[in-house]
Amino acid sequence: MAKKKISRRSFLKLFGAGTVATAATLAGCKKGNKAEQQAANEYKNQVEPPVGQMTYRENPKTKEKVSILGYGMMRLPMKPDSDSEFDQDMINKQIDYAMEHGLNYIDTSPVYCQGQSERCTGIALSRHKRSEYFIATKLSNFNRDYWAFDKAKEMYHNSLKELQVDYLDYYLLHAVGGSMEEFNGRYVDNGMMDYLLKEREAGRIRNLGFSFHGKKSVFDEVIALHDKYHWDFVQIELNYLDWDYANEISKNNVDASYLYAELQKRGIPAVIMEPLLGGRLANLPQYLMTELKSHDPERSVASWAFRYAGTPEGVLTVLSGMTYMEHLRDNLLSYCPLKPLSEQEMRYLDDEIAQKIVGLENIPCNDCKYCMPCPYGIDIPAIFVHYNKCKNEGSLPMGVGDSEYRKHRRQYLISLERVVPRERQPDHCIQCGQCEPHCPQSIHIPRELRKIDEMIESLKRNPDGVA
């Protein structure tokens, strides 16, 4: 194994020819476009995933069988016509359906879904036997007020309360990677790490690990603490774009090939997040969607990314935020059972798809909402997702030389109003920068918002696209 990086070719050789499954974003740039219609047709013709066919991976420490598909409780369904009330009945229904099909790993956090994810998850899971599922949550003490031992400890115990459990199967130090000063402040200097180690020893934490977003130097230092802390697992971002291109897209990100190789060297299982990059790998430009469908008409575009993420044997589970039942069914179809990608399919994703996506030069927003809430009410993820979607569709108004400028201009402005209320649009950004440190993708958020705002103002002033 290469010390620093594994190529895609080595990936196949090292981990065996092995292995992408959620819906495209439902809020669109223009109603009824070809990509959305194609996605709708996929779900219209969706078959029921088989029961009893889930692929499992063994936790090397506990020897427990973990479903290769994990339920990420980050993007829960909302009640109709509400942007603050979650649909508990639908959450219960989807959890029941997932567990019926063999899913047993559920991941949440105190900060997900406006702070309500753990409570909603706890209600849904309390209706099942504790032995039927593994619950993962996080010490999400981003705010300095929660660096104090008492506050961090309170967050940990509140997770147990909200989830209605007396032990946690998987507990993570959340979003490690900003700096070692931050890592030490959040976990070490306050004595919290010593406390969590004692909780693991007492059995109230069965597996202790961390999720990583950030700098390679920080990952190297924290993973080197394995001899001291004995990390039971680590959660990393892995998909066919980030495998080799994460650092190229954002200089502060680390290629998944490197992260995975370092975990393999130490025998640490990997939990995978962002297999679809917040839906970006399901909501590809039409020509790329057509290419993928031509290679495997029976599978969704997203299934390619899920099968890819499930390929390496060191992957314990692949998390997906499944807002809609269609997402859940499609993902289950990808993993009940997992059909590994062939070497030819792997080469196709490498040489054809990933390189073309890099060339799109989109804003690398995964819609994780870590930047939210904005103190001035701006819906940052929705603005970026809308911009990327229109760019991928080729419907961004380009001004001089754009033969359909007037049509594209009208579509963009109207669709923006539908997706983002006027009072939450980028012109309300005062460039305070409070959002930027929280972005796992290291996006210069105020700068990108300003660029989009300038584009919008130009569209409003210039109906004909004439310089």
Side-chain angles (χ1 to χ4, degrees), residues 15-16 18 52-73 95 98-109 118 121-122 124-126 128-139 156-157 159-160 163-174 176 187 192-212 222-223 225-236 238 259-260 262-273 309-320 335-338:
F15 312 123
Q53 296 296 312
M54 174 66 72
T55 295
Y56 293 91
R57 293 281 166 77
E58 184 178 274
N59 180 322
K61 173 187 173 183
T62 66
K63 306 304 178 183
E64 293 167 326
K65 302 294 185 181
V66 178
S67 58
I68 189 68
L69 177 61
Y71 212 129
M73 307 296 283
I95 285 289
M99 294 181 66
E100 177 187 346
H101 286 79
L103 185 149
N104 62 13
Y105 189 101
I106 296 92
D107 171 270
T108 182
S109 159
E118 285 187 328
T121 302
L125 291 177
S126 67
H128 294 269
K129 293 180 181 179
R130 183 64 181 90
S131 60
E132 293 178 347
Y133 62 87
F134 303 114
I135 188 67
T137 192
K138 308 170 182 73
L139 183 53
Y156 162 68
H157 282 282
S159 291
L160 291 165
L163 291 166
Q164 304 183 42
V165 296
D166 54 11
Y167 68 90
L168 298 169
D169 299 284
Y170 294 83
Y171 197 58
L172 300 91
L173 312 182
H174 196 179
V176 168
Y187 307 119
M192 194 61 193
M193 195 66 208
D194 290 335
Y195 180 77
L196 295 178
L197 292 174
K198 291 178 181 177
E199 288 295 284
R200 181 172 64 179
E201 186 177 350
R204 285 182 288 273
I205 295 174
R206 302 294 172 87
N207 298 274
L208 182 61
F210 65 91
S211 64
F212 174 76
V222 175
I223 204 66
L225 294 170
H226 180 53
D227 292 339
K228 180 178 181 180
Y229 296 138
H230 304 291
W231 305 117
D232 297 309
F233 70 108
V234 174
Q235 189 165 304
I236 60 172
L238 187 154
L259 301 176
Y260 183 79
E262 292 301 300
L263 297 182
Q264 281 293 101
K265 283 165 54 177
R266 296 165 176 82
I268 303 174
V271 171
I272 304 307
M273 56 185 163
T311 297
E313 296 175 2
V315 167
L316 187 65
T317 190
V318 179
L319 301 176
S320 175
Y335 285 148
C336 291
L338 167 65

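These numbers come from the heavy atoms of this one structure, side chains and all, not from hydrogens, waters or symmetry mates.
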Inspect the surroundings of NZ in K61 and state if more than 12 heavy atoms from other residues, nucleotides or ligands are less than 6.0 Å away. yes
Minimum heavy-atom distance N104-K65, with the two atoms named: ND2-O, 3.0 Å
To the nearest 0.5 angstrom, please state how far the CD1 atom of I68 sits from the CZ atom of R57. 4.0 Å
I want to check something: taking the side chain as every heavy atom from C-beta on, are I268 and I223 in contact at a cut-off of under 4.5 Å? yes
Going from CE on M54 to CG on L69, what distance comes out if it is rounded to the nearest 0.5 angstrom? 5.0 Å
Salt bridge check: are D169 and R130 linked by an N-O gap of less than 4.0 Å? yes
R206 side chain to Y167 backbone, donor-acceptor under 3.5 Å: no
Answer whether the closest heavy-atom distance between the side chains of M193 and L208 falls below 4.5 Å. yes
If you compare all heavy atoms of T317 against all heavy atoms of G70, which two are closest, and at what distance to 0.1 Å? OG1-N, 3.2 Å
If we only count heavy atoms from C-beta on, is the V222 to W231 side-chain gap below 4.5 Å? yes
Within 45 degrees of the ring normal and closer than 6.0 Å to the centroid, is that where the cationic atom of R200 sits relative to Y229? no
Holding to side chain to side chain contact (heavy atoms under 4.5 Å, CB included), I want the full list of residues that pass it with K63, two or more places apart in sequence or in another chain. E58
Looking only at heavy atoms, which two atoms of L338 and G310 are closest? And how far apart? CD2-O, 3.4 Å
Can you list the residues that meet the ring-ring contact (aromatic ring centres under 6.0 Å, His included) rule with Y133, with sequence neighbours excluded? none
Test item: L125 and I95 side chains (from C-beta on) under 4.5 Å apart, heavy atoms: yes
Heavy-atom closest pair (S67 atom, L103 atom, distance to 0.1 Å) is OG-CA, 3.6 Å
With rounding to the nearest 0.5 Å, note down the distance linking CG in L168 to CG in L160. 4.5 Å
Supply the atom-to-atom distance Y187 OH to F210 CZ, rounded to the nearest 0.5 angstrom. 10.5 Å
Flag, side chain of S211 to backbone of H174, donor-acceptor distance under 3.5 Å: no
Would you compute the distance between atom CG of L196 and atom CG of L173 and round it to the nearest 0.5 angstrom? 6.5 Å
Could you give the distance from CD1 (I205) to CG (L139), rounded to the nearest 0.5 Å? 9.0 Å
With sequence neighbours excluded, tell me which residues meet side chain to side chain contact (heavy atoms under 4.5 Å, CB included) with A136. Y105, D107, Y170, L172
Y56 to G102 - nearest heavy-atom pair and separation: OH-O, 2.8 Å
Assess the side chains of E199 and Y171: does a donor N or O sit below 3.5 Å from an acceptor N or O? no
List the atom of P269, the atom of D232, and the distance in Å for their closest heavy-atom pair. CD-O, 3.2 Å
CD of E201: more than 12 outside heavy atoms within 6.0 angstrom? no
